[in-house]
Amino acid sequence: MQEEETKEEEPFAESTEENEQFHPTEGIIWGWVCIPINWFRMLSREMHWSFVFGVVVVYGISQGLGGSLAGVGTKYYMKDVQKVQPSEAQVYAGITSIPWIVKPLWGLLTDVIPIFGYRRRPYFIFAGFLGVIAMLLLSLHENLHLVLALLSLTAGSAGAAIADVTIDACVAQNSIAHPLLAADMQSLCAFSSSVGALLGFSISGIFVHLIGPMGVFGLMTIPSGLLILLGFLLDEPHMHDFSYRQVNQKFIDAGKAMWTTLKSESVWRPCLYMYLSLALSLNILEGMFYWYTDSKGGPAFSEESVGFIFSISSVGSLLGAILYQYALKDYAFRDVLFWTQLLYGLSGMLDLVLVLRWNLNFGIPDYFFVVIVESIAQMTSRLKWMPMLVLSSKLCPSGIEGTFFALLMSIDNVGVLSSSWAGGFVLHVLNITRTRFENLWLAILIRNVLRLSPLCLLFLVPRADPNALILPRESLDSKVAIDHSLESKNVELVSLVSSVEGK
């Protein structure tokens with residue numbers, strides 16, 4: 001019997017030795033695979049799977065995948081279908097972003113006015129239908145007037161903005177309920193957006209070449225349809241006996257609360273910095289795009305090449321999000337913003353090297369160099385943007401988180417709009433057209449100098465780290481916040497309600 005047991009144990013011992021032999025390598029690989037999986041599971045456990053699912057749908061699919069497809073499609077639509085000048089396209093891009101500027105309006109609606117007893121689900125459904133109708137009009141009408149095209153693009157942008165502010169309200173509420181996970185939530189948003197953008201840019205050039213920009217608009221109905229699905233699947237508690245007579249007073253209370261918070265020095269100073277840092281970074285992307293595709297003065301990239309360049313460059317955005325999550329998220333806001341703004345300004349000089357064709361003197365092909373330039377630009381832009389998002393979530397008073405976060409984001413979007421229109425003005429003054437790019441280098445130089453100017457304004461940013469409270473105590477404990485405390489629980493997703501009841 002002992003011999004038989006020994007014989008039976010020998011194969012087991014050999015298999016154990018084999019497992020131990022391959023265990024280190026397999027363990028390392030499995031460990032890296034498990035890190036993001038465990039991270040998603042932790043966020044789903046702490047804040048319910050519906051919140052994580054909503055972030056992935058809105059940021060990953062609607063804004064990331066859909067935004068990249070629509071971005072490339074719109075560039076070729078304006079250039080080849082509407083045949084507008086680069087400066088005009090830059091201004092029109094600013095017009096279509098106006099719905100993002102009025103985000104406080106969408107935030108007030110989601111915070112104050114429930115529809116059929118729900119505060120979140122109907123707004124996702126409305127945003128989805130708005131996007132579907134707008135994209136169908138653009139894809140099915142061959143000779144659409146420029147004004148109607150701009151209205152449709154703006155309507156599609158409004159649908160994305162409404163969905164964005166609705167999920168942002170959930171992010172802001174969760175940031176207050178789970179302050180130690182505030183940076184993780186912003187990393188989840190950035191990770192979803194970057195992965196979606198990577199996939200979207202990878203296929204954007206191919207689809208523009210195969211079905212044209214109008215066909216791409218037809219594909220955009222899919223992300224909008226998923227927003228409708230999210231509205232039906234979102235697990236949200238139903239509100240009973242809501243008094244719509246109190247809506248006017250709640251609007252007044254919310255406005256007073258926002259004004260009271262915005263007057264605080266610890267709030268308006270970083271808001272001013274965020275606006276100026278964005279407004280001073282001139283947006284001349286349309287001029288660069290026209291030069292990319294020009295057959296005489298530029299590299300003459302095809303649709304597939306442009307899509308592939310943007311897809312590879314979006315890896316830089318993903319790396320920026322990962323770098324912030326694992327290396328920079330615990331550092332003070334002012335320190336991180338100093339180095340990221342400096343790197344952002346210096347990296348823009350690579351565009352100057354590209355336009356002056358100095359890269360060819362060093363034997364570096366245009367295609368390879370553009371991929372490097374775009375990747376670095378996306379990474380530095382993401383690194384600069386991430387701490388500002390975390391800082392914004394920390395400035396939201398309790399009870400009107402969604403509205404105030406939307407207000408902060410609208411301030412940022414005003415900065416983006418200012419940057420876009422100022423860039424269009426510079427392109428127009430320097431006479432950069434569809435076929436003339438002699439002064440494009442000067443526009444890049446002006447942009448890069450202005451990118452460095454926000455370094456002189458860093459005194460407006462608090463020295464606090466992301467784990468510290470930034471709002472003054474009176475803003476957190478104000479009467480308005482107390483009046484909204486019970487209501488705020490109903491606004492949150494069911495996971496947060498359950499966690500409160502569990503305590």
Side-chain angles (χ1 to χ4, degrees), residues 35-36 39-40 43 52 55-56 58-60 63-64 67-68 100 164 167-168 170-172 174-176 178-198 270-271 273-278 281 313-348 374-396 405-406 408-413 415-416 419 451 454-455 457-458 460-468 470:
I35 287 177
W39 184 57
F40 272 94
L43 293 176
V52 178
V55 170
V56 172
V58 175
Y59 278 98
Q63 294 185 29
S68 57
W100 293 85
D164 177 81
I167 199 65
D168 279 348
C170 302
V171 172
N174 278 293
S175 296
I176 293 176
H178 305 275
L180 296 180
L181 296 177
D184 290 271
M185 280 180 270
Q186 295 300 335
S187 296
L188 173 64
C189 297
F191 177 80
S192 302
S193 177
S194 299
V195 172
L198 174 61
C271 288
Y273 172 81
M274 287 188 286
Y275 167 76
L276 292 175
S277 67
L278 292 169
S281 300
S313 65
S314 64
V315 175
S317 179
L318 179 59
L319 291 177
I322 294 174
L323 181 60
Y324 179 81
Q325 168 65 21
Y326 290 103
L328 302 174
K329 71 174 183 178
D330 294 324
Y331 285 90
F333 290 114
R334 189 181 297 185
D335 296 338
V336 174
L337 287 173
F338 172 81
W339 292 108
T340 54
Q341 189 71 44
L342 179 62
L343 184 61
Y344 185 59
L346 295 178
S347 64
E374 290 291 337
S375 298
I376 295 176
Q378 290 293 328
M379 183 183 70
T380 54
S381 178
R382 177 66 72 179
L383 283 174
K384 185 175 76 77
W385 183 239
M386 289 289 292
M388 291 197 290
L389 284 177
V390 178
L391 178 59
S392 297
S393 68
K394 290 287 186 178
L395 299 177
C396 299
F405 191 83
L408 297 179
M409 292 298 99
S410 70
I411 293 173
D412 292 349
N413 288 319
V416 173
S419 170
R451 277 185 178 182
L455 293 174
L457 305 172
L458 280 172
L460 297 171
V461 179
R463 292 184 179 275
D465 63 79
N467 296 323
I470 297 176

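Remember, it's a predicted structure, so these values are computed and weren't measured experimentally.
- Expressed to the nearest 0.5 Å, how far CG of Leu391 lies from SG of Cys271 amounts to 8.0 Å.
- Taking each heavy atom of Ser68 and Gly196 in turn, the nearest pair found is OG-O, 4.1 Å.
- Leu457 CG to Met274 CE: the interatomic distance, rounded to the nearest 0.5 Å, is 13.0 Å.
- Taking 4.5 Å as the limit, some side-chain heavy atom of Asp412 sits within range of a side-chain heavy atom of Trp385.
- Under the side-chain hydrogen bond (donor to acceptor under 3.5 Å, both in side chains) criterion, Tyr275 pairs with Ser418, not counting sequence neighbours.
- The shortest distance between side-chain heavy atoms of Cys189 and Gln63 does not fall below 4.5 Å.
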| Stepwise side-chain contact (heavy atoms from CB on, under 4.5 Å) check, Trp339 with Leu383 | CA-CA 9 Å; Trp339 292 108; Leu383 283 174; over 6 Å; no
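- Shown here for Ser193 and Arg382, the closest heavy-atom pair between the two residues is OG-NH2, 3.7 Å.
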| request: Could you walk me through whether Ser347 and Met379 pass side-chain contact (heavy atoms from CB on, under 4.5 Å), step by step? | output: CA-CA 10 Å; Ser347 64; Met379 183 183 70; over 6 Å; no
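- Summarising the geometry, atom CG belonging to Leu278 is positioned 4.5 Å from atom NZ belonging to Lys384; distances are rounded to the nearest 0.5 Å.
- Between the OG1 atom in Thr380 and the CG atom in Leu342 there is a gap of 11.0 Å [rounded to 0.5 Å].
- Inter-residue side-chain proximity for Leu408 and Pro270 is flagged as unmet; no heavy-atom pair is nearer than 4.5 Å.
- Within the model, atoms OH of Tyr324 and OG1 of Thr340 stand 9.5 Å from one another, a figure rounded to the nearest 0.5 Å.
- Among all heavy-atom pairs drawn from Tyr344 and Ser281, the shortest one is CE2-OG, 3.7 Å.
- The nearest pair of heavy atoms linking Val55 to Ile167 is N-CD1, 3.9 Å.
- Between Arg451 and Gly345, the closest heavy-atom pair is CB-CA, 3.8 Å.
- The CG atom of Asp164 lies 4.5 Å from the OH atom of Tyr59; values are rounded to the nearest 0.5 Å.
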